[in-house]
Amino acid sequence: MLATRKRPLPLLAALTLVLVVIFYHRDHADRIYQQWSTSIESHPMKLPANRTLGFGAVVVVSKDGSERRHALLQAANVTDVDLTIPQQPQWTEGDVQRFINGQDNAQRGSILAWLGHHNALRWFLDSGLETALILEDDVDWDIRLRSIQIPLAASAARQLLPPQRSYHPFANFGSKHVQYWGNHDDWDLLYLGHCGDYFDEITEDGPKATNSRYNLTGTPHVLYKDYTLPMRSDLHPFTQALFGALQMPAHSRVFHRSKFPLCSFGYAVTRPAAERLLNDLAPPKLRKKGPRAFDVSLLHACNKGSKTPSPTANWRNPKPHPNPKLRYKYASPGLRCWTLNSELFHHMPGQSEIAEIGARAGEEEAGIPPVDLAGQAQVIYRNETTNIDCGFWSGAFAFDENDTDQLRTLQEKVGREGRCLKEGRRETDETLQKLMD
């Protein structure tokens, strides 16, 4: 008769105890890291931004011969920002018609703009970089973009989307392998440039300030002071209405989950997000009931991803990607989007290139969008781009490209010291400096 084999209960108990201890310590370490990260980000000294603003690259959508490039490159030179401008193919009529796919209500200019964004996204994927900031070539920004605004905004992002411990920029200062804008696995798209995220659709009268959706209580967000933001009365009328409805303090921005973002002036993407936009969320072929412009495709993609938590825990994701085989790569049916309100990039005043192309093609004039129409008078009397305090549109910081001494002076005084050397601005800047000190 064979003896009954005893179960190795002591061994199983020991193994269980070891696993419990490991998981406890890992969970404890995670909590300590979260507390440390939150504490360090609340410190007034912010990590400086590099020449690509904390992203792998700053990529510009711009066709060859664009008249907009000169002003953009001058602004980048003064503020020490490196731009990459991928060459666009010469799009043919066949390219345009294949994209239109026989659908109605397609504007030629919008299709060409869409193709341009696709070209930038493909360059990004081919580069092997982890993130990219995509800019349209008619954007304006503040002279303190790199020195103050980006460090503040990135700190807010890291509070909500903590970097992996080994990639936190405070722990790896000076390294190229950091997650300056938070964990890349936890977000898909950051709206840093837009024409408004008003939490809902808008009319010519602006956002509906009485709408119950206008509150931040149930929305993941970080509110922070930024004294480079224009005073409330100098913000776009719709932005004034939104910030009033949200009861935001003066000179404050908020980084929040996207609600109803409009336009595509400046948005950051991760590699999975770029793949999704090219392949299924904003593909190069119009659909019967689909968007007719790239920025509307972005909006739809963000709406599809709005119920997926960000950061995303795979085991607690109520709204994962519909295809189980792709969930290891894509967390959401759409994109997990975040908005910086008010924006850091806004398009310079001027004639719409899409409208100009449409006029040459004999298309019916669409009219001025409500946001631009509402801000026209303010732009003229301020002599500044919408929601920008001290920008480049006025030409005040233009320089002779052969005059290196002039450029160096502008880089030092304007770009690095943040001095708005415009007529009538000295007193304002001294007051601002006192507030920041």
Side-chain angles (χ1 to χ4, degrees), residues 53 71-72 75 79 81 133 135-153 156 190-199 202 206-207 209 214 221-246 248-256 258-268 295 338-350 352 368-394 396-397 418 420 422 425 428-429 432 435:
L53 307 180
L72 183 79
T79 48
V81 175
L133 174 63
L135 297 180
E136 296 180 350
D137 67 359
D138 63 340
V139 294
D140 195 7
W141 60 75
D142 193 281
I143 60 172
R144 295 149 297 193
L145 173 73
R146 182 181 169 190
S147 60
I148 295 176
Q149 294 179 341
I150 290 292
L152 287 172
L190 309 179
Y191 274 100
L192 303 184
H194 50 82
C195 53
D197 185 337
Y198 300 112
F199 284 50
I202 60 169
Y214 283 78
H221 71 280
V222 166
L223 189 72
Y224 65 92
K225 284 286 187 182
D226 182 352
Y227 288 104
T228 69
L229 185 69
M231 64 178 67
R232 184 65 57 87
S233 60
D234 283 341
L235 292 174
H236 187 283
F238 293 176
T239 308
Q240 292 183 43
L242 174 67
F243 283 11
L246 296 175
M248 285 177 54
H251 293 292
S252 295
R253 296 186 198 269
V254 60
F255 183 74
H256 62 84
S258 298
K259 295 292 189 177
F260 207 92
L262 305 172
C263 305
S264 50
F265 305 146
Y267 59 96
D295 62 327
W338 292 82
T339 296
L340 183 63
N341 236 333
S342 176
E343 68 276 16
L344 300 182
F345 304 94
H346 201 99
H347 76 83
M348 291 187 179
S352 163
I368 302 174
V371 175
D372 289 347
L373 186 63
Q376 274 186 330
Q378 187 188 64
V379 165
I380 293 171
Y381 76 72
R382 287 187 65 231
N383 200 30
E384 293 283 1
T385 302
T386 291
N387 289 345
I388 305 294
D389 183 62
C390 185
F392 292 85
W393 169 61
S394 67
F397 307 123
C420 190
K422 296 181 179 181
R425 289 300 302 265
T428 304
D429 287 347
L432 173 63
L435 287 169

Open item on the list: Once salt bridge (Lys or Arg N to Asp or Glu O under 4.0 Å) is applied, do any residues pair with E136, and if so which ones, sequence neighbours excluded?
Closed with: none
- [ ] Taking the side chain as every heavy atom from C-beta outward, state whether I368 and Q376 have any atom pair closer than 4.5 Å.
- [x] yes
- [ ] Apply side chain to side chain contact (heavy atoms under 4.5 Å, CB included) to the pair T228 and D389, showing each step before the final yes or no.
- [x] CA-CA 7 Å; T228 69; D389 183 62; 5.6 Å; no
Open item on the list: I'd like to check the salt bridge (Lys or Arg N to Asp or Glu O under 4.0 Å) partners of R253; sequence neighbours left out, ordered by chain and number.
Closed with: D226
Task: side chain to side chain donor-acceptor pair (under 3.5 Å) involving E343 - partner list, sequence neighbours excluded - done: H346, N387
Task: side chain to side chain donor-acceptor pair (under 3.5 Å) against T339, all qualifying residues, sequence neighbours excluded - done: D197, S258
Task: Separation of L53 CG from T79 OG1 (nearest 0.5 Å) - done: 8.0 Å
Open item on the list: Among residues at least two apart in sequence or on other chains, which ones pass side chain to side chain contact (heavy atoms under 4.5 Å, CB included) with P349?
Closed with: V379, T385, W393
Open item on the list: Within this structure, what is the CZ-CG distance for the pair R232 and D234, rounded to the nearest 0.5 Å?
Closed with: 11.5 Å
TODO: Search all heavy atoms of F265 against all heavy atoms of F345 and return the closest pair with its distance.
DONE: CD1-O, 4.0 Å
- [ ] Indicate yes or no: at least one non-hydrogen side-chain atom of L133 is less than 4.5 angstrom from one of Y267.
- [x] no
Task: Closest non-hydrogen atom pair between S252 and L229, with its separation - done: O-CD2, 3.3 Å
Open item on the list: A side-chain contact here means heavy atoms from C-beta on lying under 4.5 Å apart; do W338 and L192 qualify?
Closed with: no
Task: Partner set under side chain to side chain donor-acceptor pair (under 3.5 Å) for Y191, not counting sequence neighbours - done: none
TODO: Might you point out which heavy atoms bring L135 and G266 nearest each other, and give the distance in Å?
DONE: CD2-CA, 3.8 Å
- [ ] With sequence neighbours excluded, tell me which residues meet ring-ring contact (aromatic ring centres under 6.0 Å, His included) with H256.
- [x] F199
Task: Min side-chain heavy-atom separation L223-P249 under 4.5 Å - done: yes
Open item on the list: If I take atom OG from residue S394 and atom CG from residue N383, how far apart are they, to the nearest 0.5 angstrom?
Closed with: 5.0 Å
- [ ] List the steps, then state whether side chain to side chain contact (heavy atoms under 4.5 Å, CB included) holds for I150 with L145.
- [x] CA-CA 6 Å; I150 290 292; L145 173 73; 3.9 Å; yes
- [ ] Starting at CZ of F255, measure out to CG of N341 and round the result to the nearest 0.5 Å.
- [x] 11.0 Å
Task: Residues which pass ring-ring contact (aromatic ring centres under 6.0 Å, His included) with F397, listed by chain and number, not counting sequence neighbours - done: F392
Task: Under the ring-ring contact (aromatic ring centres under 6.0 Å, His included) test, residues paired with H194 that sit two or more places apart - done: none
TODO: Show your reasoning for whether side chain to side chain contact (heavy atoms under 4.5 Å, CB included) applies to I202 and L262.
DONE: CA-CA 10 Å; I202 60 169; L262 305 172; 4.2 Å; yes
Open item on the list: For I388, is there any backbone N or O sitting under 3.5 Å from a side-chain donor or acceptor partner on R382?
Closed with: yes
- [ ] Please answer whether the main-chain N or O of G391 pairs with a side-chain N or O of E384 as donor and acceptor at a distance below 3.5 Å.
- [x] yes
- [ ] Measure across M348 and A71 and return the closest heavy-atom pair with its distance rounded to 0.1 Å.
- [x] CE-CB, 4.3 Å
- [ ] Would you please name every residue forming a salt bridge (Lys or Arg N to Asp or Glu O under 4.0 Å) with D142, sequence neighbours left out?
- [x] R144
Open item on the list: I want to check something: taking the side chain as every heavy atom from C-beta on, are Y227 and I148 in contact at a cut-off of under 4.5 Å?
Closed with: no
TODO: Identify the two heavy atoms, one from S233 and one from Q378, that lie closest to each other, and give their separation to 0.1 Å.
DONE: O-NE2, 3.6 Å
Task: Summary of salt bridge (Lys or Arg N to Asp or Glu O under 4.0 Å) pairs that have at least one residue in residues 235-246, sequence neighbours excluded - done: none
- [ ] Could you list the residues that satisfy side chain to side chain donor-acceptor pair (under 3.5 Å) with H347, not counting sequence neighbours?
- [x] D372
Task: Heavy-atom pair of closest approach, residues A374 and H236 - done: CB-CE1, 3.8 Å
